Protein chains: 2
Amino acid sequence: MGDMNAPTAPMAVGEVARLTGVTVRTLHHYDALGLLRLSGRSDAGYRLYSSADVARLGRVVALRRMRIALRDIPGLLDADPATLRAALLRRRDELRAEARGMEATVRLITRALEEDDMTTPATREDLAEIFGDGFDDAQAEAAARWGRTRAWQESQRRTAAYTRADWEAIKAEADANVAAFLDAMTAGTPPEGPAAMRAAEDHRAHVDRRFFACDHALQRNLADLYDSDPRYAVAYDGTHPGLSAYVTAAMRANAARATG
Amino acid sequence: MGDMNAPTAPMAVGEVARLTGVTVRTLHHYDALGLLRLSGRSDAGYRLYSSADVARLGRVVALRRMRIALRDIPGLLDADPATLRAALLRRRDELRAEARGMEATVRLITRALEEDDMTTPATREDLAEIFGDGFDDAQAEAAARWGRTRAWQESQRRTAAYTRADWEAIKAEADANVAAFLDAMTAGTPPEGPAAMRAAEDHRAHVDRRFFACDHALQRNLADLYDSDPRYAVAYDGTHPGLSAYVTAAMRANAARATG
DNA sequence: GTGCGGCCTCCCGTCGCGTGAGGGTCAAGT
DNA sequence: ACTTGACCCTCACGCGACGGGAGGCCGCAC
């Protein structure tokens with residue numbers, strides 16, 4: 001009366017797909033990767049899945065729900081619990097890191113939205129947040145020292161319109177530049193060396209684009225100014241002693257190289 | 001004395017890359033996409049970036065830090081604030097959704113780790129969590145009703161070893177199956193229609209793989225059993241009246257189709 | 001015999017670049 | 001004048017996990 005072979009009758013892709021919730025294309029893909037050593041083919045070439053195959057696929061799907069990479073899955077299907085555990089721990093850490101990255105981006109966008117970052121100038125609070133507290137004091141002191149120079153006035157005029165996004169880009173550029181100088185110094189190359197020259201030229205271009213027209217003659221003046229201003233020494237040497245002297249030497253060497 | 005053209009001298013890719021913190025390859029890529037209408041080329045074919053180009057690139061980089069897709073960026077660089085705002089809001093929502101997905105995966109892995117999901121049988125608490133409270137009662141009632149049948153005993157023997165991961169897969173399969181029946185019913189197709197036949201056959205295969213050997217003869221018995229047990233009617237009809245009768249009719253039709 | 005649905009095998013597309021291969025260009029040193 | 005060595009160029013493949021379509025065979029029902 002009952003059909004005796006039905007319970008173990010192998011299934012074709014469509015049924016397996018419906019049973020497991022994956023697409024037919026996915027089954028093809030897994031087959032192409034050799035992830036499923038499926039039990040056979042019909043005469044017409046149809047893929048046939050036994051219930052053991054479907055069970056195996058179920059474990060694959062479970063691992064995929066944990067976002068385990070396909071290439072790691074074959075090694076985990078028949079792994080001992082300790083190996084599996086280690087893999088899951090590692091993947092979990094990676095996912096947490098990714099999620100944190102996403103949330104950081106969400107916060108970045110939120111700030112951009114709240115503060116109309118991209119269109120309105122940054123506030124003093126923004127600047128303090130980006131560059132650290134004490135920014136106001138430094139600003140006032142700088143104004144007192146150099147407020148009458150042309151360069152300062154041009155800088156003031158230009159930076160007044162900078163948005164928070166601008167300032168963040170500026171800080172990123174400045175940080176990269178300091179890192180370049182630091183690399184050159186800790187590598188033991190002299191301030192006249194090619195690495196320091198590149199960094200000094202980058203620095204000049206940075207100042208020129210962001211603050212005031214700064215050719216190589218003015219770069220020499222800027223080096224003098226840095227040397228004469230303890231704020232710069234503190235900023236550069238705070239973490240790495242000797243860096244400020246290295247930087248100003250490189251600036252002079254670069255200026256000399258360019259102007260003769 | 002000063003070199004008058006330096007401040008506006010266009011830069012080549014390497015310098016721009018160092019200034020903005022992106023790679024040279026990225027600049028090539030943006031150029032290929034037409035994202036940067038850069039000001040020109042040198043005689044040798046070198047890309048030349050004016051400071052305006054670099055400023056534009058800076059805005060591109062700022063948007064990329066917000067994980068805005070490259071294809072959306074051209075439209076946002078010169079967009080009015082409202083458009084930009086809308087795009088940022090949309091992207092933020094997407095990122096939040098992605099982050100939530102990641103965290104859900106993290107929780108999934110955490111549970112798998114804590115409960116040794118993949119190797120040890122699930123607990124009653126697991127089952128209550130997956131299938132809802134009342135699972136215990138239902139289990140006891142079912143045992144009282146059908147405890148002496150062979151099918152029940154086989155089912156008990158097999159399910160005893162199922163892990164939490166197994167049960168979650170089972171629930172996913174069952175949900176998909178119910179959805180298939182529901183689709184067939186709401187589409188107005190009869191219980192003997194092809195869609196319902198597929199769903200009924202899937203259901204039989206599901207039971208066969210997961211619980212007890214279930215051929216088409218036994219499927220008919222199972223339909224009788226469903227009709228006789230108010231728990232099934234409640235489970236199926238709870239959300240969609242008439243579904244349980246539709247399902248058992250389909251089961252009988254499928255059994256008849258297969259056994260004649 | 002003729003649909004129609006399901007199955008097959010390629011093979012291109014996705015997204016944002018990384019990473020060569022193979023070859024010109026440019027400033028500096030010999 | 002020649003050679004480094006550091007730039008720059010243009011292809012073009014690779015990645016990860018499939019989606020989707022073209023073109024064609026298979027099987028069951030009318």
Side-chain angles (χ1 to χ4, degrees), chain A residues 10-18 20-36 38 40-49 57 60-61 63-74 91 94 98 101 105 189 192-195 197-198 201-202 254 257-258 260, chain B residues 9-18 20-36 38 40-49 57 60-61 63-74 91 94-95 98 101 105 189 192-195 197-198 201-202 257-258:
Chain A
M11 294 171 267
V13 280
E15 196 173 359
V16 175
R18 261 173 290 133
T20 58
V22 304
T23 68
V24 170
R25 180 69 183 85
T26 298
L27 293 176
H28 285 174
H29 188 54
Y30 291 175
D31 190 15
L33 295 185
L35 206 54
L36 253 51
L38 54 91
R41 299 281 189 127
S42 78
D43 291 345
Y46 288 19
R47 289 172 182 79
L48 296 179
Y49 295 81
L57 174 61
V60 171
V61 170
L63 289 172
R64 279 264 55 200
R65 271 202 293 261
M66 300 180 192
R67 305 196 195 208
I68 307 287
L70 286 182
R71 75 175 49 186
D72 297 335
I73 289 183
R91 190 74 187 108
E94 292 167 9
E98 276 189 68
T105 306
T189 63
E192 311 83 35
M197 285 306 89
R198 273 206 305 267
E201 183 57 19
D202 282 350
N254 185 59
R257 190 181 57 140
Chain B
M11 294 171 267
V13 281
E15 196 173 0
V16 174
R18 261 173 289 136
T20 57
V22 304
T23 68
V24 171
R25 179 66 180 89
T26 299
L27 293 176
H28 286 174
H29 189 52
Y30 291 176
D31 190 15
L33 295 185
L35 206 55
L36 252 52
L38 54 91
R41 299 281 188 124
S42 78
D43 290 347
Y46 288 18
R47 289 173 181 79
L48 296 179
Y49 294 81
L57 174 61
V60 171
V61 171
L63 290 172
R64 279 265 45 187
R65 271 202 294 262
M66 300 180 192
R67 305 197 195 206
I68 308 288
L70 287 181
R71 78 175 46 187
D72 297 335
I73 290 183
R91 190 76 187 104
E94 292 167 7
L95 287 169
E98 276 189 69
T105 306
T189 63
E192 310 82 35
M197 284 305 90
R198 273 206 306 266
E201 183 55 20
D202 284 349
R257 190 182 57 140

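The shown structure was predicted, so the numbers you read here are calculated from the model rather than taken from an experiment. In what follows, chains carry the letters A, B, and so on, assigned in the order in which the sequence lines appear, proteins first and then strands, with residues in each chain numbered from 1. The figures here come from the full heavy-atom set of this structure, side chains too, leaving out hydrogens, waters and symmetry mates.
- The closest donor-acceptor contact from the side chain of B:T26 to the backbone of B:V22 lies at 3.5 Å or more, if one exists at all.
- Taking side-chain N and O atoms only, A:R71 has no distance below 4.0 Å to OP1 or OP2 of D:dA17.
- Rounded to whole angstrom, the span from the CZ atom of B:R18 across to the P atom of D:dA6 amounts to 13 Å.
- Here D:dA17 presents its P atom at 11 Å from CD1 of A:I68, a figure rounded to the nearest Å.
- If you check every strand for non-hydrogen atoms under 4.0 Å, A:R67 touches nothing.
- Not a single donor-acceptor pair under 3.5 Å links the side chain of B:R64 to the backbone N or O of B:L70.
- Ion pair B:R18/B:E15 not flagged as a salt bridge, since none of the NZ, NE, NH1 or NH2 atoms sits closer than 4.0 Å to an Asp/Glu carboxylate oxygen.
- The shortest side-chain heavy-atom distance between A:E98 and B:E98 does not fall under the 4.5 Å cut-off.
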task: May I have the step-by-step check of side chain to side chain contact (heavy atoms under 4.5 Å, CB included) for A:L57 and A:L27, ending in yes or no?
output: CA-CA 9 Å; A:L57 174 61; A:L27 293 176; 3.5 Å; yes
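- For A:M197 and D:dA6, the CE to C1' distance is 16 Å, given to the nearest whole Å.
- Heavy-atom minimum distance, A:R91 versus A:I68: CG-CD1, 3.7 Å.
- When the C1' atoms of four end pairs are superposed on the next four at each end of the helix from C:dG1-D:dC30 to C:dT30-D:dA1, using five pairs per end, the two resulting axes differ in direction by 40°, to 10°.
- Comparing B:L33 and A:G14 along DNA chain C, the residue whose closest nucleotide (by nearest heavy atom) sits nearer the 5' end is A:G14.
- Panel note: side chain B:T189, backbone B:G193; no donor-acceptor pair is recorded below 3.5 Å.
- The interatomic distance linking B:M11 (CE) with D:dC8 (P) rounds to 12 Å, in whole Å.
- Ionic pairing of A:R41 and A:D31 is present here: one or more N-O contacts between side-chain nitrogen and carboxylate oxygen are shorter than 4.0 angstrom.
- Side-chain atoms of A:E201 and A:R198, non-hydrogen and from C-beta on, never get closer than 4.5 Å to each other.
- Residue B:A12 is the one, among B:R25 and B:A12, whose nearest nucleotide of DNA chain D lies closer to the 5' end (criterion: closest heavy atom).
- Regarding B:Y30, its OH atom lies at a distance of 16 Å from the P atom of D:dC9, rounded to whole Å.
- Between B:V13 and B:Y46, the closest side-chain pair of non-hydrogen atoms is not below 4.5 Å.
- Of the side-chain N and O atoms in A:T23, none sit less than 4.0 angstrom from OP1 or OP2 of D:dG20.
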Enumerate the protein-to-nucleotides 26-29 of chain D contacts in which both atoms are nitrogen or oxygen and the separation is below 3.5 Å.
residue	atom	partner	partner atom	Å
D:dC26	O4'	A:Y46	OH	3.4

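- Protein chain B contacts DNA chain C over a range whose 5' and 3' limits, counting nucleotides with an atom under 4.0 angstrom from a non-hydrogen atom, are C:dG6 to C:dC26.
- Here the closest non-hydrogen pair linking B:T23 and B:A17 is C-CB, 4.1 Å.
- A straight line from CG of A:D31 to C1' of D:dC18 spans 14 Å, rounded to a whole angstrom.
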